[in-house]
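Take a look at the structure set out below.
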Amino acid sequence: MTDVKDIIRHYSNGEITIVWKPALCIHVKYCWKELPEVFDPDKRPWTNPYGASTERIIQQINRCPSGALTYFRNDEQQKTPETPVTPQPVVSEITAEAMVGGPLLVSGNIAVKYGDNVEHKSGPTAFCRCGQSQDPPYCDGSHAETNFNV
Ligand code: FES
């Protein structure tokens, strides 16, 4: 039996390949709430890489705060097969968005200080608000197992 940590799925439309690592998902649900034509958890396979334009899919994947969804351009993958391309959006300001029943999403280049550690993050970073994460200060999706709805 395959451990969920080892699952990596690929969905290609010929231009890009969507890479899905379910073990990283923190269930913010941006993907299927904002682009259901491509990401629909009720369908199998749940990802339809032909459901929207390539650029729209890339835009949505760049909103994934956990890294569960990434992509690479197929032509670039052929040039450098060892290096998947994960472009980050250009963010000129830091924004914070509290997800109802979920994490605080902070977008932008930030330094996260926690204890004696400092980590530099770019792109969306999800911080736990429910207090149940096993990976504080980050959200690990544990909120989905609770009644946290604030
Ligand atoms: S908000 Fe996601 S684990 Fe706490």
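Numbering of ligands and ligand atoms starts at 1, following listing order.
- Metal site remark for atom 4 (Fe) of ligand 1: C130 contributes an N, O or S atom at a distance under 2.8 Å.
- If you check the side chains of E145 and Q132, you find no donor sitting under 3.5 Å from an acceptor.
- If you take OG1 on T125 and CD on E119, they are separated by 9.0 Å, rounding to the nearest 0.5 Å.
- Atom 2 (Fe) of ligand 1 has its closest protein heavy atom at H143 ND1, 2.2 Å.
- Within ligand 1, counting atoms from 1 as listed, the ones closer than 4.0 Å to a heavy atom of P103 are 1 (S).
- Close approach of ligand 1 to G102 (heavy-atom distance below 4.0 Å) involves ligand atoms 1 (S).
- Close placement of the W46 and W20 rings is indicated, their centers lying within 6.0 Å of each other.
- The protein non-hydrogen atom at the shortest distance from atom 1 (S) of ligand 1 is R129 N, 3.3 Å.
- Ligand 1 places these atoms under 4.0 Å from at least one heavy atom of D140: 3 (S).
- Taken from CZ in R73 to OG in S12, the straight-line distance is 12.0 Å, to the nearest 0.5 Å.
- Taking the centre and axis of the six-membered ring of F39, the NZ or CZ atom of K33 falls outside the cone set by 45° and 6.0 Å.
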Before giving the answer on side-chain hydrogen bond (donor to acceptor under 3.5 Å, both in side chains), spell out for Q60 and R56 the whole-Å C-alpha distance, their side-chain angles and the decisive distance to 0.1 Å.
CA-CA 6 Å; Q60 193 63 50; R56 179 65 186 91; 3.0 Å; yes
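- At a cut-off of 2.8 Å, C128 is counted among the residues with an N, O or S atom near atom 4 (Fe) of ligand 1.
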